[in-house]
J.: 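Below is a structure I'd like to ask you about.
Every heavy atom of this structure was used, including side-chain atoms; hydrogens, water molecules and symmetry mates were not. Keep in mind the model is a prediction, meaning the values are calculated, not measured.
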Amino acid sequence: MLTPPDPPLRSQAVVLRLIEGADAATLAEAAVDPLIQRYTFTQRHPDGVDVEGWTSEKMAPWSADTARFVIAEPGSDRLLGMITLHVIE
């Protein structure tokens with residue numbers, strides 16, 4: 001099982017931290033961005049993107065082979081992006 005780093009990974013330029021409830025609105029906004037839809041595996045429904053499902057998936061705890069980080073701005077902690085890492089054995 002992968003475990004999150006404690007404390008979060010931090011440098012002067014960026015913070016990699018866990019996804020928090022306060023990130024949900026920004027994630028929901030991102031889910032409907034055409035470029036994010038094009039370059040990610042965002043699940044689409046016939047009538048559009050499943051924003052609620054996509055956001056819930058990103059907020060899920062880490063699994064044995066998947067870790068998700070928010071890329072945040074130091075100081076403000078504003079969500080800039082996110083990264084998902086998959087362990088492949």
Side-chain angles (χ1 to χ4, degrees):
M1 183 70 145
L2 297 174
T3 56
D6 185 23
L9 304 173
R10 178 178 296 277
S11 75
Q12 292 180 345
V14 71
V15 175
L16 297 179
R17 62 165 173 78
L18 297 177
I19 300 166
E20 301 170 350
D23 298 322
T26 304
L27 289 172
E29 184 179 322
V32 296
D33 181 297
L35 287 176
I36 290 176
Q37 291 175 18
R38 181 175 178 187
Y39 294 108
T40 65
F41 298 108
T42 303
Q43 297 296 314
R44 292 173 182 82
H45 282 241
D47 59 345
V49 175
D50 177 13
V51 174
E52 184 177 316
W54 188 78
T55 302
S56 295
E57 175 190 327
K58 302 308 173 203
M59 302 282 293
W62 286 12
S63 68
D65 62 355
T66 303
R68 292 180 180 87
F69 287 101
V70 160
I71 304 165
E73 186 175 61
S76 72
D77 202 38
R78 182 174 65 97
L79 186 149
L80 302 172
M82 60 182 303
I83 185 170
T84 302
L85 305 173
H86 299 280
V87 175
I88 299 173
E89 295 185 33

J.: Can you name the salt bridge (charged side-chain N to carboxylate O under 4.0 Å, His left out) partners of Arg17, sequence neighbours left out?
T.: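 With sequence neighbours excluded, Arg17 shows a salt bridge (charged side-chain N to carboxylate O under 4.0 Å, His left out) to Glu20, Asp23, Asp77, given in chain and number order.
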J.: Which ring-ring contact (aromatic ring centres under 6.0 Å, His included) pairs, counting each pair once, include a residue from residues 2-27, with sequence neighbours left out?
T.: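 For residues 2-27, and leaving out neighbouring residues, there are no ring-ring contact (aromatic ring centres under 6.0 Å, His included) pairs at all.
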J.: Apply side-chain contact (heavy atoms from CB on, under 4.5 Å) to Ser11 and list each qualifying residue two or more places apart in sequence or on a separate chain.
T.: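 Applying side-chain contact (heavy atoms from CB on, under 4.5 Å) to Ser11 gives Ala13, Val14.
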J.: Do you know which of Ile71, Ile19, Thr26 makes side-chain contact (heavy atoms from CB on, under 4.5 Å) with Met82?
T.: Ile19
J.: Does any pair with a residue in residues 10-37 pass ring-ring contact (aromatic ring centres under 6.0 Å, His included), and if so which ones, sequence neighbours excluded?
T.: none
J.: Under a 4.5 Å side-chain heavy-atom rule over Ile, Leu, Val, Met, Phe, Trp and Tyr, are Val87 and Leu85 clustered together?
T.: yes
J.: Do any pairs count as a ring-ring contact (aromatic ring centres under 6.0 Å, His included) and have a residue in residues 63-89, sequence neighbours left out, and if so which ones?
T.: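 As it turns out, the ring-ring contact (aromatic ring centres under 6.0 Å, His included) pairs with a partner in residues 63-89, which skip direct neighbours, are Trp62-Phe69.
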J.: If I compare all heavy atoms of Arg68 with all of Thr84, which pair ends up nearest, and what's the gap?
T.: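 It is CG-OG1, 3.5 Å.
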J.: If you compare all heavy atoms of Leu18 against all heavy atoms of Pro4, which two are closest, and at what distance to 0.1 Å?
T.: CD2-CB, 3.6 Å
J.: Kindly determine whether Thr66 and Leu2 satisfy side chain to side chain contact (heavy atoms under 4.5 Å, CB included), including the steps that lead there.
T.: CA-CA 7 Å; Thr66 303; Leu2 297 174; 5.6 Å; no
J.: With sequence neighbours left out, write down each residue that passes side-chain hydrogen bond (donor to acceptor under 3.5 Å, both in side chains) with Asp65, or none if nothing qualifies.
T.: Ser63
J.: Strictly by ring-ring contact (aromatic ring centres under 6.0 Å, His included), give each pair with a member in residues 15-38 just once, sequence neighbours left out.
T.: none
J.: Once salt bridge (charged side-chain N to carboxylate O under 4.0 Å, His left out) is applied, do any residues pair with Arg78, and if so which ones, sequence neighbours excluded?
T.: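 Testing Arg78 for salt bridge (charged side-chain N to carboxylate O under 4.0 Å, His left out), a comparison that skips the adjacent residues, returns Glu73.
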